[in-house]
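Here's the structure we're looking at; comments come further down.
These numbers were taken from a predicted model, which means no experiment stands behind them. The chain is numbered in sequence order, starting from 1.
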Amino acid sequence: MEEIVSLYQTVQFSEVISWIKVGTVTDFPENAGACIKHNSRQIAVYHFTRTQKWYACQNLCPHKMEMVLSRGLIGDMSGVPKLACPMHKKTFSLEDGSNLNGEDYSIATYPVKIEDGIVYIGFAE
């Protein structure tokens with residue numbers, strides 16, 4: 001289990017070494033998630049239309065260890081864009097992956113950029 005968790009590390013915009021094309025903006029649902037696979041990682045991608053922002057995070061729920069976060073609900077909590085796991089409703093910030101329920105586990109997040117209708121996710125390798 002620990003081996004799978006270690007695959008996911010938050011990447012800051014300034015740490016991006018490679019931008020990976022994951023599809024076009026029309027390939028992803030609005031206000032919901034979709035999953036892409038990059039190497040051995042599953043990444044959940046969200047287009048939050050209320051703020052016109054895109055987010056990416058690990059698809060692995062750190063609580064139940066299931067690949068389900070792309071099926072979670074998105075919304076906001078006091079202005080913070082959030083994701084609720086579909087299995088247990090634990091919530092995480094889409095901005096920094098922090099656990100909004102106050103528990104000590106979080107999720108990895110990745111930068112997203114849109115250029116000419118193409119969606120890219122930033123990785124540190």
Exercise for the section: Could you tell me the separation between the CG atom of Asn59 and the OG atom of Ser70, rounded to the nearest 0.5 Å? Expected result: 4.0 Å
Completion exercise
Using a 4.5 Å side-chain heavy-atom cut-off and chaining through intermediate ILVMFWY residues, the residues clustered with Tyr105 come out as Tyr46, Phe48, Tyr55, Leu69, Ile74, Leu83, Phe92, Leu94, Ile107
Completion exercise
Distance col, row Tyr110:OH vs Tyr8:OH, nearest 0.5 angstrom, shows 7.0 Å
Please tabulate, for side-chain N and O atoms in residues 31-40, each donor-acceptor pair with protein atoms closer than 3.5 Å (sequence neighbours left out).
from, atom 1, to, atom 2, distance (Å)
Asn31, OD1, Thr49, N, 2.9
Asn31, OD1, Thr49, OG1, 3.0
Asn31, ND2, Thr49, OG1, 2.6

Practice task
Could you tell me which residues satisfy salt bridge (charged side-chain N to carboxylate O under 4.0 Å, His left out) with Glu103, sequence neighbours excluded, listed by chain and number?
Solution key: Lys90
Problem - Heavy-atom closest contact (Val22 atom, Ile121 atom, distance) - result: CG1-CD1, 3.9 Å
Practice task
Look at the side-chain heavy atoms of Ile, Leu, Val, Met, Phe, Trp and Tyr, link any pair under 4.5 Å apart, and say whether Ile17 and Val11 land in one connected group.
Solution key: no
Practice task
Nearest 0.5 Å please: distance from the OG1 atom of Thr24 over to the CG atom of Asp27.
Solution key: 3.5 Å
Exercise for the section: Kindly write out the residues that satisfy side chain to side chain donor-acceptor pair (under 3.5 Å) with Asp96, not counting sequence neighbours, or none if the list is empty. Expected result: Ser93, Ser98
Practice task
To the nearest 0.5 Å, tell me how far Ile4 CD1 sits from Gln58 CD.
Solution key: 11.0 Å
Exercise for the section: May I ask you to decide if the ring planes of His47 and Trp54 are parallel, tilted or perpendicular, using 30° and 60° as cut-offs? Expected result: parallel
Problem - Shared hydrophobic cluster, Ile43 / Leu73 (ILVMFWY, side-chain heavy atoms < 4.5 Å) - result: no
Completion exercise
Of all heavy-atom pairs linking Ala108 and Thr10, the shortest is CA-OG1, 3.2 Å
Practice task
Please identify each residue that fulfils side chain to side chain contact (heavy atoms under 4.5 Å, CB included) with Lys21, with sequence neighbours left out.
Solution key: Ile118, Tyr120
Handout entry: Which residues share a salt bridge (charged side-chain N to carboxylate O under 4.0 Å, His left out) with Lys53, sequence neighbours left out
Key = none
Fill in the blank from the handout: Residues at least two apart in sequence or cross-chain that pass side chain to side chain contact (heavy atoms under 4.5 Å, CB included) with Met77, listed by chain then number, are Lys82, Leu100
Practice task
Could you tell me which non-hydrogen atom of Glu95 sits nearest to which non-hydrogen atom of Thr109, and how far apart they are?
Solution key: O-OG1, 3.8 Å
Handout entry: Any residue meeting side chain to side chain donor-acceptor pair (under 3.5 Å) with Ser18, in chain and number order, not counting sequence neighbours
Key = none
Exercise for the section: With sequence neighbours left out, write down each residue that passes side chain to side chain contact (heavy atoms under 4.5 Å, CB included) with Val68, or none if nothing qualifies. Expected result: Cys61, Glu66, Arg71, Cys85, Pro86, Met87
Practice task
Would you list the pairs meeting salt bridge (charged side-chain N to carboxylate O under 4.0 Å, His left out) in which at least one residue belongs to residues 112-125, sequence neighbours left out?
Solution key: Arg41-Glu125, Lys113-Glu115
Practice task
Apply side chain to side chain donor-acceptor pair (under 3.5 Å) to Arg50 and list each qualifying residue two or more places apart in sequence or on a separate chain.
Solution key: Asp76
Completion exercise
Residues pairing under ring-ring contact (aromatic ring centres under 6.0 Å, His included) where one sits in residues 66-90, two or more places apart or in two chains, turn out to be His63-His88
